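Heads up, the thing below is written out as structure tokens.
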Amino acid sequence: MSLLSRLHLSVQRLELYLQKLTATYINNQTHFGLALDTPPTNERLDNGNTQQRSILDQIFSPIDYAVPKFRRSRERRMTRQFGKHQMERYIDIKKSLIMCLECGHWHEKRTICGSCYERVREETKEMKKELGEAMEYTPDQKEVMFVYDGEDKPPTFEGKHIVEMKKPRPKWFADALLTKVKPSNN
């Protein structure tokens, strides 16, 4: 038997006891006032029928049933709002991860590896630094060529601006990347 049904039963018993008590005092013509002032239990409806309403319906409104008995702690409240069951719909399990063949770091398919990209950015910063501020902001009409330590200057350096880097060429930065390729006519 649930708590609400037991409470309802005890209120009905109290209601019967009060009815017997008031009937006894009214028949004896004694003037004792009751401590519990409740509206009459029999109320007439619009259609003329009488309906018995319990004191439980009169005392408690439907809003009062939804009041929590104990305070909900912050931890329980946060778990309820943002717990595992709530976060599962936002979790996107990546199934398209691959390992980079150059450095071994993981990245998503069809994207550049973050580690390799960072190395390229650092090398580009050093190249800009060696190029100098004079060429950085003003476009030069000459082609720029970078020569690392241990490399010979190319035989076709006429008309090119040559920048000498004071370190060996990185392994991933191949010399073939600097050669121009003519587009094919298809």
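None of these values were measured; they are calculated from a predicted model.
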Could you tell me whether the side chain of Trp106 reaches within less than 4.5 Å of the side chain of Cys113, counting heavy atoms only? no
Tell me which one of Arg74, Arg76, Glu75 satisfies side chain to side chain contact (heavy atoms under 4.5 Å, CB included) with Met78. Arg74
Check whether any side-chain heavy atom of Met127 lies under 4.5 Å from a side-chain heavy atom of Phe173, and answer yes or no. yes
Between atom CD of Glu15 and atom NZ of Lys20, what is the distance when rounded to the nearest 0.5 Å? 12.5 Å
Taking Leu101 as the starting point, is it possible to reach Ile98 by hopping between hydrophobic residues whose side chains are less than 4.5 Å apart? no
dist Ser115:OG -> His105:NE2 (nearest 0.5 Å) comes out at 4.0 Å
Hey, does the side chain of His107 reach the backbone of Thr111 with a donor-acceptor pair shorter than 3.5 angstrom? yes
Closest non-hydrogen atom pair between Tyr148 and Pro170, with its separation: CE2-CD, 4.0 Å
Considering only NZ, NE, NH1 and NH2 on the basic side and carboxylate oxygens on the acidic side, decide whether Lys129 and Glu126 come within less than 4.0 Å. no
About how many Å separate CG of Leu7 and CG of Leu14, when rounded to the nearest 0.5 Å? 10.5 Å
Point-to-point distance, once rounded to the nearest 0.5 Å, from OG1 of Thr79 to CZ of Arg72: 10.5 Å
For the CD atom of Glu151 and the CE atom of Met165, what is their distance to the nearest 0.5 Å? 10.5 Å
Taking the side chain as everything from C-beta on, heavy atoms only, tell me whether Glu130 gets closer than 4.5 Å to Glu164. no
Looking at Glu123 and Val120, would you say the former's side chain and the latter's main chain have a donor-acceptor pair under 3.5 Å? no
I want to check something: taking the side chain as every heavy atom from C-beta on, are Glu102 and Arg119 in contact at a cut-off of under 4.5 Å? yes
When rounded to the nearest 0.5 angstrom, what distance separates NE2 in His8 from CZ in Arg6? 14.5 Å
